[in-house]
Amino acid sequence: MDSELEMLTPELENVTDEGENLEENIPKCERIIESVLFAAGHPVEYTALAGAMNVSVSVCRRIVSEYAEKYNNCSEIERGIMMVLFPESCQICTREEYGAYIRQALGIRRGGHLSNSSLEVLAVVAYNQPVTRAFIDTVRGVDSSYAVSSMVEKKLIEPCGRLEVPGRPMLYRTTDNFLRVFGLSSLSDLPEVRAADGTVFNAPEEEAEQLSIE
């Protein structure tokens, strides 16, 4: 029985390294990346892909980035799927323009629209993160408890620590799922927003200094 299991279990091989053999092994790395992302069906962290290919995370990021460019812009094969890159992970997903066909073929009911209050909460968090619920309430002018809880449940925002002030209120930030849902690769892709008074809001560059990760 043990011998049969050994025959069914493939040995992990040193796919590549950072030396002279790297370039010649890239095609195999690309096939590994595609197969892992396809099988996962959700974002896979670069650390996990790097471990599977036995390369450093920095090398993995480079291979994924270059492969995604080819994968998404290949003129020879017009795919209905695309590779999406996030700050710490990547994913294969369907293109938005084929959503209606997918829903029809698979019998998926359209739904899941976000309410105006939810969109307001997401906007406040996205452009000011990390933020407390009290900050969100102040900006919106109403209690945001339900909307915040709903966005956490939908995994569009997440707790990321506590503010080092009396009471240590919870801080929230957007998630990779938020980026995926809104078709963004990173927060830097958020559109510039101009308020009525002319104030311009851009994506946050750094997190608050008074952040205490739990």
Side-chain angles (χ1 to χ4, degrees), residues 9-114 122 125-127 129 154-158 173-192 202-205:
T9 305
E11 293 185 3
L12 292 177
E13 62 175 300
N14 189 352
V15 176
T16 185
D17 53 32
E18 298 184 50
E20 297 179 355
N21 296 327
L22 175 60
E23 295 303 322
E24 65 185 48
N25 285 317
I26 284 181
K28 183 170 185 178
C29 288
E30 293 175 342
R31 293 192 294 272
I32 292 172
I33 291 167
E34 182 181 38
S35 62
V36 171
L37 297 185
F38 179 83
H42 57 73
V44 177
E45 294 186 355
Y46 297 120
T47 52
L49 287 172
M53 296 185 292
N54 198 22
V55 299
S56 67
V57 176
S58 60
V59 168
C60 175
R61 285 178 180 273
R62 179 172 71 82
I63 296 174
V64 170
S65 178
E66 294 175 354
Y67 184 42
E69 182 69 23
K70 294 188 297 182
Y71 198 88
N72 296 336
N73 300 290
C74 180
S75 58
E76 297 179 2
I77 304 176
E78 295 187 5
R79 295 184 173 96
I81 57 176
M82 63 185 296
M83 189 176 297
V84 182
L85 307 186
F86 304 116
E88 301 300 330
S89 61
C90 55
Q91 179 183 14
I92 286 180
C93 60
T94 57
R95 293 184 182 273
E96 182 179 0
E97 58 264 37
Y98 301 109
Y101 301 101
I102 295 171
R103 288 191 294 272
Q104 180 177 346
L106 302 182
I108 300 173
R109 295 179 57 188
R110 188 179 181 92
H113 290 292
L114 297 176
L122 288 177
V125 176
Y127 284 93
Q129 61 187 302
K154 294 180 185 297
K155 298 182 179 180
L156 295 176
I157 64 174
E158 64 182 1
R173 65 186 176 194
T174 54
T175 64
D176 281 353
N177 191 46
F178 164 82
L179 297 177
R180 182 182 64 80
V181 168
F182 287 91
L184 306 171
S185 294
S186 67
L187 290 176
S188 61
D189 292 335
L190 284 169
E192 182 181 280
N202 294 303
E205 295 182 359

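The structure places OH of Tyr127 at 9.0 Å from CD of Glu192, a figure rounded to the nearest 0.5 Å. In this structure, CZ in Phe182 is found 9.5 Å from CG in Leu190, a value given to the nearest 0.5 Å. In this structure, CD in Gln91 is found 8.5 Å from NE2 in His42, a value given to the nearest 0.5 Å. Atom CD of Glu78 sits about 11.5 Å away from atom CG of Asn73, to the nearest 0.5 Å. The CE atom of Met82 sits 4.5 Å away from atom CG of Asn72, with the distance rounded to the nearest 0.5 Å.
Side-chain contact between Arg180 and Val84 is absent, with no heavy-atom pair separated by less than 4.5 Å. In this structure, Arg31 and Glu34 have side chains that are not in contact, with every pair of non-hydrogen atoms separated by 4.5 Å or more. No side-chain heavy atom of Phe38 sits less than 4.5 Å from a side-chain heavy atom of Ile81. Annotation: side chain of Tyr46 is in contact with side chain of Leu85 (closest heavy-atom distance under 4.5 Å). Tyr67 places none of its side-chain heavy atoms less than 4.5 Å from the side chain of Ile26.
Shortest non-hydrogen contact noted between Leu156 and Phe178 is O-CB, 3.3 Å. Here the closest heavy-atom approach between residue Phe86 and residue Leu184 is recorded as CE2-O, 3.7 Å. Contact record, Ser186 with Pro87: CB-CG, 4.5 Å, taken as the closest heavy-atom pair. Shortest non-hydrogen contact noted between Glu30 and Ile63 is CG-CG2, 4.5 Å. Contact detail for Thr175 and Lys155: the closest heavy-atom pair is OG1-O, 2.6 Å. Minimum heavy-atom separation, Thr174 to Ala126: CG2-CA, 3.9 Å.
For the salt bridge (charged side-chain N to carboxylate O under 4.0 Å, His left out) condition, the pairs that include at least one residue of residues 88-97, sequence neighbours left out, are Arg61-Glu88.
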Take Ile33 and Met83 through the test side chain to side chain contact (heavy atoms under 4.5 Å, CB included) and record every step on the way to the result.
CA-CA 10 Å; Ile33 291 167; Met83 189 176 297; 4.2 Å; yes
Could you go through Cys90 and Leu49, starting from their C-alpha distance and side-chain angles, then the distance that decides it, and tell me whether this counts as side chain to side chain contact (heavy atoms under 4.5 Å, CB included)?
CA-CA 10 Å; Cys90 55; Leu49 287 172; 3.5 Å; yes
From CA spacing to verdict: salt bridge (Lys or Arg N to Asp or Glu O under 4.0 Å), Glu66, Arg62:
CA-CA 6 Å; Glu66 294 175 354; Arg62 179 172 71 82; 3.4 Å; yes
What's the verdict on side chain to side chain contact (heavy atoms under 4.5 Å, CB included) for Val181 and Lys154, showing C-alpha distance, side-chain angles and the deciding distance?
CA-CA 11 Å; Val181 168; Lys154 294 180 185 297; over 6 Å; no
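No more than 12 heavy atoms of other residues, nucleotides or ligands sit less than 6.0 Å from atom OH of Tyr101.
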